Amino acid sequence: MKKDFVSMSDIDRVTFLEIIRDACVLKEEREKAMEKIPLKGKVLAMLFEKPSLRTRFTFQTGIYELGGMGIYFAPSDIDIGKRESVEDIAKNLSRWASGIMARTFAHSTVTGLAEHSSVPVINGLSNLEHPCQILADFQTIYEKKGKLDNIKLAFIGDGNNVCNSMLLASGIMGVDFRVAHPKGYEPDKEITEEAKKLAGASGGSITITNDPKEAADGVDVIYTDVWASMGFKHEAEERRKAFASFQVNEEVALCADKDYIFMHCLPAIRGEEVTSEVIDGPHSVVFDQAENRLHSQKALMLKLMR
Ligand code: CP
Ligand code: NVA
């Protein structure tokens with residue numbers, strides 16, 4: 001077959017017959033094929049107040065691969081809470097969509113959507129949490145380490161949304177989780193308390209320190225994220241100063257287990273929170289994490305939307 005089908009003369013007799021035969025098979029098997037598509041006909045509304053590469057692509061592709069479709073709303077399309085209230089948006093979308101995925105500034109926007117919607121709402125990142133990222137991260141840890149028990153994980157940098165969700169996940173899964181942050185950039189207090197309670201029940205532990213090397217001592221995983229998250233970019237300059245000694249570099253990495261993996265949710269700023277040597281080095285699994293966003297979110301959508 002030629003690359004293009006611009007004219008009838010672009011196919012020869014053999015190709016012509018193959019297409020007709022394939023069309024007959026597709027017609028015959030259509031119903032059966034549709035049965036294998038678990039989210040056939042379901043629509044995921046995808047609301048974004050912030051930019052995204054991974055979350056948008058993996059949700060849209062994920063729902064498509066499960067037989068449904070995603071509809072993307074850019075930040076200016078809905079103008080959540082300004083053009084229309086969160087409550088009314090949730091009530092409208094509940095009439096059409098089978099699920100809502102939202103990336104927001106205020107966490108209360110996601111919880112507000114969930115409160116007023118009759119369909120599942122998924123947090124695709126808020127200022128407080130990024131739970132979908134953490135699902136993919138645990139899948140990645142499992143694939144790389146062959147277990148989720150007795151994992152030691154150091155999060156070095158900003159006590160941000162990724163850190164908060166990792167705290168809760170570590171509490172639930174029994175991880176020995178250490179956070180090293182500069183003073184004034186601690187993770188959310190309530191979430192830290194909740195994570196400690198969860199860790200008490202699961203056999204995990206939560207350590208909060210201001211010393212990156214202490215946190216990284218003997219760990220299986222070193223995790224970091226940008227110093228200025230979306231919504232805090234205007235603080236980038238002062239944060240660069242505050243975080244200067246919290247860079248993940250070879251010196252910090254040397255404190256970890258020799259088979260440690262380096263994780264980052266991406267996007268990354270090389271030369272700030274992590275050096276190129278580390279993020280582009282042999283211990284880095286950042287693109288596995290990115291790939292697993294697709295697979296773990298498909299599993300999540302099957303749980304919520306089937
Ligand atoms: N990690 C992550 O959520 O990436 P995006 O901001 O590109 O979606
Ligand atoms: N903490 C980062 C994560 C980006 C995926 C942010 O919120 O910008």
Side-chain angles (χ1 to χ4, degrees), residues 44-64 70 72-75 100-110 122-141 153-169 179-182 184-188 191 221-240 242-243 246-248 261-270 272-274 279 284-298 300-301:
L44 180 73
M46 300 167 40
L47 282 50
F48 284 84
E49 288 187 326
K50 296 170 173 172
S52 170
L53 170 67
R54 281 148 290 271
T55 304
R56 178 179 176 183
F57 190 93
T58 54
F59 266 108
Q60 195 147 4
T61 309
I63 182 88
Y64 169 73
Y72 169 73
F73 293 94
I100 300 169
M101 192 284 298
R103 165 165 289 197
T104 65
F105 288 96
H107 187 68
S108 59
T109 304
V110 182
I122 299 172
N123 180 354
L125 181 149
S126 66
N127 284 355
L128 188 67
E129 279 211 53
H130 195 3
C132 292
Q133 178 66 49
I134 277 36
L135 291 180
D137 296 342
F138 271 72
Q139 182 186 359
T140 309
I141 295 169
L153 193 157
F155 186 100
I156 298 173
D158 189 18
N160 63 15
N161 42 12
V162 173
C163 180
N164 287 333
S165 289
M166 189 56 96
L167 266 166
L168 292 170
V179 182
H181 65 81
Y185 297 94
E186 32 284 300
D188 182 80
I191 287 184
V221 184
I222 297 184
Y223 202 122
T224 192
D225 187 10
V226 287
W227 290 340
S229 286
M230 294 179 277
F232 301 88
K233 297 288 180 201
H234 59 283
E235 297 176 6
E237 195 49 52
E238 64 182 270
R239 283 171 173 259
R240 262 193 285 278
F243 284 86
F246 286 79
Q247 184 186 65
V248 176
I261 54 174
F262 171 76
M263 302 184 84
H264 192 307
C265 56
L266 304 177
I269 305 182
R270 287 166 174 77
E272 288 204 1
E273 74 274 7
V274 61
I279 195 170
S284 178
V285 297
V286 297
F287 299 112
D288 298 290
Q289 292 174 259
E291 178 184 343
N292 284 338
R293 293 293 303 278
L294 173 66
H295 310 302
S296 53
Q297 286 161 194
K298 280 172 75 179
L300 177 70
M301 286 190 281

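Each ligand, and each atom within it, is numbered from 1 in the order the structure gives. Owing to the predicted nature of the structure, the values given are computational and were not obtained by experimental measurement.
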Are any protein N/O atoms closer than 3.5 Å to the N/O atoms of ligand 2? If there are, list each pair with names and the distance to one decimal place.
unit_1: ligand 2; atom_1: 1 (N); unit_2: Asn160; atom_2: ND2; d: 3.3
unit_1: ligand 2; atom_1: 1 (N); unit_2: Asn161; atom_2: OD1; d: 2.8
unit_1: ligand 2; atom_1: 1 (N); unit_2: Asp225; atom_2: OD2; d: 2.6
unit_1: ligand 2; atom_1: 1 (N); unit_2: Ser229; atom_2: OG; d: 2.7
unit_1: ligand 2; atom_1: 7 (O); unit_2: Asn161; atom_2: ND2; d: 2.8
unit_1: ligand 2; atom_1: 7 (O); unit_2: Ser229; atom_2: OG; d: 3.4
unit_1: ligand 2; atom_1: 8 (O); unit_2: Met230; atom_2: N; d: 2.8

Does a donor on one side chain sit under 3.5 Å from an acceptor on the other, for Asp137 and Gln289? yes
Pick out which of Ile141, Asp225, Ile279, Thr224 makes a side chain to side chain contact (heavy atoms under 4.5 Å, CB included) with Met263. Ile141
As a quick check of understanding, evaluate ring-ring contact (aromatic ring centres under 6.0 Å, His included) for Phe243 and Tyr185, giving each step before the final call. CA-CA 9 Å; Phe243 284 86; Tyr185 297 94; 4.8 Å; yes
Judged by atom type as modelled, is there a donor-acceptor pair below 3.5 Å linking the side chain of Asn164 to the main-chain atoms of Asp188? yes
Hey, can you tell me if Phe48 and Tyr72 have their rings parallel, tilted or perpendicular (30° and 60° cut-offs)? tilted
Keeping the roles fixed (side chain from Asn160, backbone from Cys163), state whether a donor-acceptor pair exists under 3.5 Å. yes
Glu291: which residues meet the salt bridge (Lys or Arg N to Asp or Glu O under 4.0 Å) condition with it, sequence neighbours left out? none
Asn127: what forms a side-chain contact (heavy atoms from CB on, under 4.5 Å) with it, not counting sequence neighbours? Lys50, Phe105, Phe232
Name the residues in contact with ligand 1, where contact means a heavy atom under 4.0 Å away: which are they? Ser52, Leu53, Arg54, Thr55, Arg103, His130, Gln133, Cys265, Leu266, Arg293
Heavy-atom pair of closest approach, residues Arg56 and Met46: O-CE, 3.6 Å
